[in-house]
A.B. asks: 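Let me begin by handing over the structure; questions about it come next.
No hydrogens, no waters, no symmetry mates; every other heavy atom, side chains included, goes into these values. Small disclaimer: the values here were computed from a predicted structure and weren't measured. Proteins come first, then strands; the chains are lettered A, B, ... in the order of their sequence lines, and each starts at number 1.
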Amino acid sequence: MSIDKFTTFESSAVPLPIENVDTDQIIPARFLKAVERKGFGDNLFRDWRYTEGNTPNTEFVMNKSEYSGSILVGGKNFGSGSSREHAAWAIYDAGFKVVVSSFFADIFKGNALNNGLLPIQVSAEYLEEIFSTIETNKKASFTVNIEKQLFINNTTGNSINFDINPYKKTCLINGYDDIDYLVEMKDEIEAFENK
Amino acid sequence: MSAKTLFDKVWDAHTVKEVEGGPNVLYIDRHFIHEVTSPVAFLGLKTRGLKVARPDQTSATHDHNVPTTNQHLSIVDELSKHQVETLEANCKEHNIVHHNLGSEGHGVVHIIGPEQGLTQPGMTIVCGDSHTSTHGAFGAVAFGIGTSEVEMVLASQCIMQPKPKKMRITVNGEIKSGVTAKDIALYIIAKLTTSGGTGHFIEYAGTAFTNLSMEGRMTVCNLSIESGARGGLIAPDDVTFEYVKGRQFAPKGAEWDKALAHWKTLKTDEGAVFDTEYTFDAADIEPMITYGTNPGMGIKISESIPTSDGLVGNDKISFQNSLKYMGFKEGEKIAGKPVDYVFLGSCTNGRIEDFREFTNYVKGKKKADNIVAWLVPRSVAVEKQIREEGLVKILETAGFELRQPGCSACLAMNPDKVPAGKYSVSTTNRNFEGRQGPKARTLLASPLVAAACAITGVVSLP
């Protein structure tokens with residue numbers, strides 16, 4: 001089993017300029033009852049995306065047809081709170097391949113990487129520039145180059161180098177996951193146990 | 001050898017391998033699983049044709065979905081029921097001990113370990129739940145993980161993790177009367193914010209922590225994640241050893257002596273360096289409560305809600321949206337604000353000491369008519385103790401009733417949901433929008449503050 005291979009791509013982006021977007025907002029606990037990894041995308045940002053009457057909230061960015069793309073841009077401290085991997089699944093299932101923020105919570109970041117969803121941390125200033133670029137042109141395009149670890153704002157031409165550890169980068173590009181790696185370490189782990 | 005922190009000692013002793021340019025392969029001593037974050041991991045094992053590597057180091061219970069009344073009856077919510085049954089079936093297939101509803105060992109997942117003596121100093125402990133940091137109270141390195149990581153541990157008993165940075169939070173001095181472990185934790189989170197601990201593992205040091213019981217230490221460590229930290233731990237001492245001794249899975253006889261000798265070495269060496277240090281004065285801490293929609297938005301009950309003066313851009317908008325959600329205004333007093341629900345329970349504050357404190361406060365008083373109160377012990381063992389100590393009668397006389405164990409209204413996956421717009425003073429860990437039910441408004445506080453609010457019907461100092 002593996003994750004989808006991550007390749008360099010260009011896309012418009014969906015802006016969510018809200019800070020401390022916690023995993024309860026990304027997917028509320030009442031939608032965590034499935035026993036299979038299916039359909040979580042439908043409930044992504046459920047309580048922001050739908051009104052109490054269960055109709056789409058036309059004010060919410062994901063319900064505005066002028067916004068689209070596989071890059072989600074969030075405010076700082078994205079993904080805080082619960083360890084639910086369902087949050088990363090929901091974002092990925094809804095069609096996003098990258099989340100950009102100026103700061104990510106640890107567990108969310110790990111969960112995202114384990115599912116081929118790339119968290120890209122940028123400076124607060126650069127994040128502001130992204131938001132303002134999208135505000136001016138909702139179809140503005142951005143490029144994510146995983147090999148060069150580059151995020152490019154194609155409107156301003158400004159790019160930023162992002163961090164990713166070399167092991168995880170190899171995993172993403174080749175679609176490997178950690179479980180394959182650990183299962184192959186069986187003998188080493190047993191030797192460790194017997195020490 | 002250079003001076004090491006307690007965290008380094010435990011982490012390094014469990015590092016099987018350092019992957020070049022990558023994370024560490026960390027060996028896990030204990031793995032706890034529950035119904036919500038494990039089914040997809042078991043499916044993954046099945047797809048790969050793998051068995052659970054160390055079923056004997058794995059324990060399971062269902063807690064998130066379970067009702068807190070009539071647990072002897074079948075679960076009404078079909079999805080919840082299916083998730084609970086799936087865990088049971090997976091445990092059976094893989095020979096994992098599973099603590100069913102109503103059984104002696106049932107309770108919120110983070111409490112099984114301490115109660116049964118499975119949680120011991122110097123261990124590495126994980127669970128697919130962010131409040132796994134609870135076990136840090138024993139000087140264990142314990143942290144919450146995602147479902148892919150649950151699958152890693154099931155498959156190999158190891159996990160791939162980058163080593164976090166180290167933070168020490170020192171609080172010295174005597175704490176004031178009416179101040180509990182929860183207040184100390186909320187005070188720290190308010191100072192650090194919900195992202196201040198990110199990337200770090202915290203060691204709590206100083207008399208404010210060493211003077212706490214194990215239960216109080218568990219509350220503090222439980223809330224480490226709310227400052228963004230991976231986990232938090234406290235060096236084990238005689239209080240720790242006394243708590244572990246004699247429990248079902250604690251070492252016995254010569255094994256105990258050997259373990260104890262090792263546990264006594266588990267402390268930060270003089271001169272060990274932390275990446276980040278904070279020091280606070282215990283005397284400055286008062287009973288706390290949150291007024292916003294993240295656990296970092298906490299104040300002393302004696303204070304007023306802060307204003308957005310000085311905040312700019314998204315910081316200001318986020319702050320204002322938070323107050324709007326809560327129905328509060330900048331600069332208002334928090335004391336005296338109306339309360340509709342009081343919830344005592346959760347992995348944070350569903351301990352016997354919490355019930356004793358709550359009961360002691362409400363003894364001889366009457367619950368305010370406007371308050372709906374849910375009192376949920378965190379385990380069957382705690383429920384039993386509450387009954388044995390005669391607390392139920394006192395609670396009932398004061399107008400309260402005791403429910404059955406589970407996570408309950410902490411995250412409202414079961415039927416215990418706070419209605420939209422209602423205010424809940426809750427002894428839990430998160431006040432996020434909709435955490436206790438869609439559009440519900442949560443104010444986090446200690447059991448003592450919750451008791452005071454339940455009696456007066458408004459936000460009150462105990």
A.B. asks: Please list, in residue-number order, every residue in residues 30-44 of chain A that has a heavy atom less than 4.5 Å from any heavy atom of chain B; write 'none' if there are none.
C.D. replies: R30(A), L32(A), K33(A), A34(A), V35(A), E36(A), R37(A)
A.B. asks: Say whether S80(A) and N20(A), considering side chains only, have a donor N or O and an acceptor N or O under 3.5 Å apart.
C.D. replies: no
A.B. asks: Report which part of R435(B) has an atom under 4.5 Å of a heavy atom belonging to chain A: side chain, backbone, both, or neither.
C.D. replies: both
A.B. asks: Does R441(B) use its side chain to pair, donor to acceptor, with the backbone of Y325(B) at less than 3.5 Å?
C.D. replies: yes
A.B. asks: Consider side chain to side chain contact (heavy atoms under 4.5 Å, CB included). Of T442(B), N431(B), T348(B), which one does S426(B) pass it with?
C.D. replies: T442(B)
A.B. asks: Other residues, nucleotides and ligands only: do more than 12 of their heavy atoms fall within 6.0 Å of NZ on K422(B)?
C.D. replies: no
A.B. asks: Check V144(A), L150(A), I146(A) against K148(A) for a side chain to side chain contact (heavy atoms under 4.5 Å, CB included) and give me the one that passes.
C.D. replies: L150(A)
A.B. asks: Residue by residue, scan residues 165-173 of chain A and write down, ordered by number, those that have a heavy-atom distance under 4.5 Å to chain B; if none do, write 'none'.
C.D. replies: N165(A), P166(A), Y167(A)
A.B. asks: Quick check against the 3.5 Å criterion: does D177(A) have a side-chain atom that pairs as donor or acceptor with the backbone of D180(A)?
C.D. replies: yes
A.B. asks: Main chain of S70(A), side chain of S11(A): is a donor-acceptor contact present, judged purely on distance under 3.5 Å?
C.D. replies: yes
A.B. asks: Which of residues 97-127 of chain A have a heavy atom under 4.5 Å from any heavy atom of chain B?
C.D. replies: F103(A), F104(A), A105(A), D106(A), I107(A), N111(A), N114(A), N115(A)
A.B. asks: Let's go through H14(B) and V141(B) carefully: what are the C-alpha distance in whole Å and the side-chain angles of both, what is the deciding distance for side-chain contact (heavy atoms from CB on, under 4.5 Å) to 0.1 Å, and is it a yes or a no?
C.D. replies: CA-CA 10 Å; H14(B) 288 81; V141(B) 166; over 6 Å; no
A.B. asks: Within the distance-only criterion (no hydrogens, no angle test), does the side chain of E85(A) pair as donor or acceptor with the backbone N or O of S148(B) below 3.5 angstrom?
C.D. replies: yes
A.B. asks: If only side-chain N and O atoms count, and only distance matters, is there a donor-acceptor pair under 3.5 Å linking S68(A) with K139(A)?
C.D. replies: yes
A.B. asks: Mind ranking K17(B), E35(B), M160(B), E20(B) by heavy-atom pairs under 4.5 Å with chain A and telling me who comes out on top?
C.D. replies: M160(B)
A.B. asks: Examine whether an atom of L50(B) lies under 4.5 Å from a heavy atom of chain A, and if so say whether it belongs to the side chain, the backbone or both; otherwise answer neither.
C.D. replies: side chain
A.B. asks: Given that the side chain runs from C-beta out, which part of S227(B) has a heavy atom under 4.5 Å from chain A: side chain, backbone, both or neither?
C.D. replies: neither
A.B. asks: Need one label for Q25(A): side chain, backbone, both or neither, based on atoms under 4.5 Å from any heavy atom in chain B.
C.D. replies: side chain
A.B. asks: So, the side chain of S322(B) versus the backbone of T293(B): is there a donor-acceptor pair under 3.5 Å, distance only?
C.D. replies: yes
A.B. asks: Scan H64(B), H110(B), H131(B) and name whichever one has a ring pair (Phe, Tyr, Trp, His ring centres under 6.0 Å) with H34(B).
C.D. replies: H64(B)
A.B. asks: Pick from K76(A), K186(A), E188(A): which one has the most heavy-atom pairs with chain B under 4.5 Å?
C.D. replies: E188(A)
A.B. asks: Within the side chain of N174(A), is there an N or O that forms a donor-acceptor pair under 3.5 Å with the backbone of Y176(A)?
C.D. replies: no
A.B. asks: Look at T23(A), I18(A), D22(A), N77(A) and state which one has the largest set of heavy-atom pairs under 4.5 Å with chain B.
C.D. replies: D22(A)
A.B. asks: Please classify the contact between N294(B) and chain A as side chain, backbone, both or neither, with a heavy-atom cut-off of under 4.5 Å.
C.D. replies: side chain
A.B. asks: Output the option from V25(B), N414(B), T132(B) having the highest count of non-hydrogen pairs under 4.5 Å with chain A.
C.D. replies: V25(B)
A.B. asks: Between atom CD of E151(B) and atom NZ of K46(B), what is the distance when rounded to the nearest 0.5 Å?
C.D. replies: 13.5 Å
A.B. asks: Could you please spell out the steps behind the side-chain contact (heavy atoms from CB on, under 4.5 Å) verdict for T143(A) and F151(A)?
C.D. replies: CA-CA 6 Å; T143(A) 300; F151(A) 183 89; over 6 Å; no
A.B. asks: Who are the ring pair (Phe, Tyr, Trp, His ring centres under 6.0 Å) partners of F60(A), not counting sequence neighbours?
C.D. replies: F45(A)
A.B. asks: Counting heavy-atom pairs under 4.5 Å with chain A, which one of I317(B), T37(B), D77(B), N429(B) comes out on top?
C.D. replies: D77(B)
A.B. asks: Among the options A53(B), G228(B), S80(B), pick out the one with the most heavy-atom pairs lying under 4.5 Å from chain A.
C.D. replies: S80(B)
A.B. asks: Spell out, as yes or no, whether a donor-acceptor pair under 3.5 Å connects the side chain of D275(B) to the backbone of K166(B).
C.D. replies: yes
A.B. asks: Under 4.5 Å, counting heavy-atom pairs only, tell me which of G144(B), S38(B), A155(B), C158(B) racks up the most with chain A.
C.D. replies: C158(B)
A.B. asks: Donor-acceptor pair, distance only, cut-off 3.5 Å: does the side chain of T124(B) make one with the backbone of D29(B)?
C.D. replies: yes
A.B. asks: Is a side-chain donor-acceptor pair under 3.5 Å present for D24(A) with S82(A)?
C.D. replies: no
A.B. asks: Counting only N and O atoms by type, is there a donor-acceptor contact under 3.5 Å from the side chain of R48(B) to the main-chain atoms of I179(A)?
C.D. replies: no
A.B. asks: Give, as side chain, backbone, both or neither, the part of S318(B) having an atom under 4.5 angstrom from any heavy atom of chain A.
C.D. replies: side chain
A.B. asks: Most heavy-atom pairs under 4.5 angstrom with chain A, which of I145(B), D315(B), D129(B)?
C.D. replies: D315(B)
A.B. asks: Within this structure, what is the CG-CD1 distance for the pair N194(A) and I189(A), rounded to the nearest 0.5 Å?
C.D. replies: 12.0 Å
A.B. asks: Name the member of E190(A), R84(A), R46(A), E52(A) that forms the most heavy-atom pairs with chain B at distances under 4.5 Å.
C.D. replies: E52(A)
A.B. asks: At a heavy-atom separation under 4.5 Å, does P28(A) approach chain B through its side chain, its backbone, both, or neither?
C.D. replies: neither
